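For reference, the structure discussed in these notes is given below.
Hydrogens, waters and symmetry mates are skipped; everything else that's a heavy atom, side chains included, is used. All chains are named by letter (A, B, ...) in the order of the sequence lines, taking the proteins before the strands, and each is independently numbered beginning at 1. Keep in mind that what you see is a predicted model, and the values were worked out from it rather than measured.
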There are 2 protein chains.
Amino acid sequence: MELSERKLKILQAIISDYVRSAEPVGSRTLSRKFDLGISPATIRNEMSDLEEMGYLTHPHTSAGRVPSDKAYRLYVNSLMPKQELTPQEKRTIADRLQADINEFDRTIQHAAQILSEITNLTSFAMTPTKTEETLKFVNLLPVDKNTVVLMIVSDSGEISNTAMRIKVPYTEENLQLLAKSMTYTYRGKKLTDVLKSHIQKNFETDIEAMSRLADDILPDFMKTLEEMLNVQLYMDGLTNIFDLPEYSDIDKARKFLALLDKKEDFTKKIIERDDGMIVTIGGENADDMMNDCSLITATYCVDGKMVGKIGVIGPTRMRYGEITSIMEYLTENLNNTFKLESGEKDSE
Amino acid sequence: MELSERKLKILQAIISDYVRSAEPVGSRTLSRKFDLGISPATIRNEMSDLEEMGYLTHPHTSAGRVPSDKAYRLYVNSLMPKQELTPQEKRTIADRLQADINEFDRTIQHAAQILSEITNLTSFAMTPTKTEETLKFVNLLPVDKNTVVLMIVSDSGEISNTAMRIKVPYTEENLQLLAKSMTYTYRGKKLTDVLKSHIQKNFETDIEAMSRLADDILPDFMKTLEEMLNVQLYMDGLTNIFDLPEYSDIDKARKFLALLDKKEDFTKKIIERDDGMIVTIGGENADDMMNDCSLITATYCVDGKMVGKIGVIGPTRMRYGEITSIMEYLTENLNNTFKLESGEKDSE
DNA sequence: ATTAGCACTCATTTATATCGAGTGCTAACT
DNA sequence: AGTTAGCACTCGATATAAATGAGTGCTAAT
């Protein structure tokens with residue numbers, strides 16, 4: 001069977017109404033609310049066809065129709081109108097992101113906040129994955145007799161450090177030498193590779209004292225690297241779902257929140273997703289737990305490189321057009337913010 | 001009216017039963033389950049007295065009795081038995097805290113995790129408040145032509161840093177001089193005071209170039225300080241409340257989660273609480289939102305100084321004895337962990 | 001091809017009856 | 001005096017039944 005123009009129109013109307021009301025929509029209501037120029041009976045026939053084609057489902061015999069995942073997919077792929085943001089939304093985004101220039105994590109966190117506020121859904125934002133980053137230099141700074149600060153800087157300017165207890169006595173000179181030596185060995189290597197190589201001090205160690213110092217420092221070095229590679233996932237609007245009728249069943253709400261409660265697992269799932277604006281609808285999600293959720297993620301860039309993800313999660317019934325538009329605008333803004341930050345800071 | 005021995009016994013029995021079952025407890029049930037040696041009728045009389053005295057309430061005429069806040073208060077103050085942890089619990093705590101020595105935030109986060117797992121309640125843990133910390137030194141490290149790393153170290157070894165864009169050209173020498181100068185000015189001062197003093201460069205600036213450098217750096221310096229002073233609040237077991245009958249009403253659950261969703265506000269409330277093990281029950285909480293919650297917080301120490309808080313929040317009906325014991329043990333362990341960390345790391 | 005008409009379905013709502021755990025009171029018993 | 005058995009009464013919870021109404025599918029007329 002073909003998807004006639006009229007069928008498409010009806011389907012779009014159903015989706016539009018259902019997304020708004022969360023109630024199965026019947027032929028009568030449809031003909032009343034939308035000016036389709038055909039009678040409920042005709043609509044019923046078309047609906048019946050659409051159901052057969054898999055675009056609609058029927059909660060039970062005497063209920064209206066509900067769009068299926070397939071319908072939403074069609075909608076997202078071809079029916080969905082591109083929605084312009086309201087000036088107010090634009091302002092909100094721009095203003096609030098501007099506020100915390102130079103505080104990376106904070107900015108990301110706020111992005112999630114904004115997103116959940118505008119969409120009324122649950123949102124999340126991930127700090128950049130640093131798998132592509134390379135080591136720029138290592139520094140070791142004396143603090144006191146048995147404390148040293150280890151500092152690792154990556155090519156993107158990401159810094160991480162730890163204060164370490166040092167067991168062996170050290171001289172400032174040795175420290176500097178060791179730092180230089182480590183920098184020399186690892187400079188330009190990917191952080192992940194350095195970490196993976198599980199190094200047993202494969203940098204020059206001609207001096208005995210330095211060798212012992214290196215032994216002392218290595219575990220902390222690895223740990224610091226590891227920490228540096230960690231991504232943070234910020235969530236916001238967790239309680240927004242309580243406003244959605246699909247989660248008025250407490251058990252549904254619990255399951256939803258449980259899904260997000262296991263942050264590590266969730267983070268992993270987000271990381272694995274492709275770059276760019278990705279929409280996965282209901283059953284399209286591999287995870288069973290998400291089979292009646294839709295997940296939209298987008299990628300933002302720092303200095304032009306694709307790195308972090310931001311997204312929303314909610315019921316399959318969501319305002320795809322609006323949300324993707326918002327996310328597009330938001331990521332654009334993030335990209336700019338993160339370009340500005342390292343670029344023309346003088347404009348301030 | 002006096003609280004006779006018998007009344008106490010009955011009250012304790014009621015609390016014990018109610019805490020377990022969440023069902024109003026009646027005289028009949030009580031006499032069956034507890035060997036009080038008196039008939040239901042007598043119990044009824046005593047209950048009636050206890051109600052008059054404010055220790056019990058009555059959801060409705062034909063329901064059993066429920067302990068009031070006052071009853072729990074009495075229980076916590078004098079009736080509550082000290083509960084020994086199971087060896088398994090002890091092992092869990094010790095093991096899981098041991099795992100991440102040297103990763104402060106991680107440890108705190110895990111402490112919250114453990115706490116929620118053992119208590120089946122919602123838990124939280126706050127990183128140390130650094131209001132008492134003093135500045136130890138400031139360092140400025142050249143990265144490239146227009147990037148400099150600013151690093152602030154506090155007396156406790158806490159480090160914070162930012163990579164900054166520098167507008168004016170600088171020499172390594174100037175940087176070092178400036179860092180020394182800043183260190184000299186602020187060393188030993190409390191971080192908060194340095195931040196509050198809202199300094200307009202009140203350290204020596206005889207050299208013109210350095211002065212401009214300082215202007216460039218100060219905003220970031222303040223921001224970094226601010227960031228350093230921030231406390232993090234980690235939460236865990238948010239969804240645990242769904243297992244509690246008091247939150248089977250979706251609206252209650254929503255309110256509870258909304259309370260915790262406003263993290264900043266909640267953090268503020270926690271910070272304000274006194275040190276040590278503090279239990280506030282229902283109406284004792286100033287915040288209306290918490291009027292049917294109990295909140296237990298405890299303080300942990302780093303190097304012997306009271307600094308961070310950890311706690312649980314749940315319905316007033318909670319196993320106070322068990323939970324406070326767990327928290328005592330947990331904070332003890334934290335204290336040790338954080339002493340070890342900077343002390344006898346050689347034992348590894 | 002479209003539509004009006006009609007019987008049928010079924011979740012939801014409203015009304016009603018029943019149940020049972022619990023109380024409070026009184027009178028009898030130690 | 002304090003304790004207990006007995007009993008009427010209360011009231012939320014549960015179960016059952018009837019009424020409602022939005023919606024469907026089918027048929028026959030347009």
Side-chain angles (χ1 to χ4, degrees), chain A residues 1-11 13-15 17-18 20-68 245-246 248-250 252, chain B residues 1-11 13-15 17-18 20-53 55-68 245-246 248-249 252:
Chain A
M1 208 181 309
E2 265 303 290
L3 260 179
S4 67
E5 193 64 31
R6 194 169 69 178
K7 279 194 175 61
L8 279 179
K9 226 181 197 163
I10 291 175
L11 187 56
I14 292 174
I15 292 176
D17 194 69
Y18 184 73
R20 196 187 41 73
S21 71
E23 296 290 334
V25 359
S27 54
R28 196 178 180 65
T29 336
L30 210 60
S31 81
R32 240 188 296 115
K33 287 198 200 159
F34 296 82
D35 195 23
L36 296 165
I38 43 177
S39 79
T42 315
I43 295 175
R44 274 206 288 286
N45 287 330
E46 295 286 45
M47 277 174 156
S48 183
D49 289 353
L50 283 166
E51 179 160 7
E52 209 179 321
M53 295 163 79
Y55 291 107
L56 295 177
T57 56
H58 227 183
H60 56 84
T61 335
S62 70
R65 298 313 212 284
V66 172
S68 67
E246 21 271 284
S248 63
D249 174 14
I250 195 146
K252 292 259 176 63
Chain B
M1 206 182 309
E2 267 302 287
L3 261 179
S4 66
E5 193 64 31
R6 194 170 68 181
K7 279 194 174 60
L8 279 179
K9 226 181 195 163
I10 291 174
L11 187 56
I14 292 174
I15 292 176
D17 194 68
Y18 183 72
R20 196 186 42 73
S21 71
E23 297 289 335
V25 358
S27 54
R28 198 182 178 62
T29 336
L30 210 61
S31 82
R32 243 188 292 113
K33 287 197 200 159
F34 295 81
D35 195 21
L36 296 165
I38 44 176
S39 79
T42 313
I43 294 176
R44 274 205 288 285
N45 288 330
E46 295 285 45
M47 278 175 155
S48 182
D49 289 352
L50 283 166
E51 179 160 6
E52 208 179 322
M53 294 163 80
Y55 291 107
L56 295 177
T57 56
H58 229 182
H60 56 87
T61 336
S62 70
R65 295 319 208 284
V66 172
S68 67
E246 21 270 283
S248 62
D249 175 14
K252 293 259 176 64

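The side chain to side chain donor-acceptor pair (under 3.5 Å) search around Glu23(B) returns none, not counting sequence neighbours.
Going from atom CD1 of Ile10(B) over to atom C1' of dT3(D) covers 12 Å, rounded to whole Å. A straight line from CD of Glu2(B) to P of dG2(D) spans 15 Å, rounded to a whole angstrom.
Checked by atom type and distance alone, the side chain of Ser68(A) pairs as donor or acceptor with a backbone atom of Tyr55(A) at under 3.5 Å. A donor-acceptor pair is defined here as one N or O able to donate and one able to accept, closer than 3.5 Å; such a pair exists between the side chain of Ser21(A) and the backbone of Asp17(A).
Distances shorter than 4.0 Å separate some side-chain N or O of Ser39(A) from OP1 or OP2 on dT3(C).
For dA1(C), the O4'-C1' to base torsion is more than 90° from 0; the nucleotide is therefore anti.
Partner assigned to dT30(C) is none, using Watson-Crick or G-U wobble distances below 3.5 angstrom.
Of the inter-residue distances, the one linking Asn45(B) atom CG with Leu50(B) atom CG reads 11.0 Å to the nearest 0.5 angstrom.
Listed by first and then second residue, the salt bridge (charged side-chain N to carboxylate O under 4.0 Å, His left out) pairs involving residues 46-66 of chain A are Arg6(A)-Glu46(A), Lys7(A)-Glu46(A), Lys7(A)-Asp49(A), Glu51(A)-Arg65(A) (not counting sequence neighbours).
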- Query: What string of B, S and - do you get for nucleotides 14-30 of chain D, 5' to 3', when a contact is any protein heavy atom under 4.0 Å?
  - Reply: --------BSBB-----
- Task: Give the intermediate values and the outcome of side chain to side chain contact (heavy atoms under 4.5 Å, CB included) for residues Ser39(A) and Thr42(A).
- Result: CA-CA 5 Å; Ser39(A) 79; Thr42(A) 315; 3.2 Å; yes
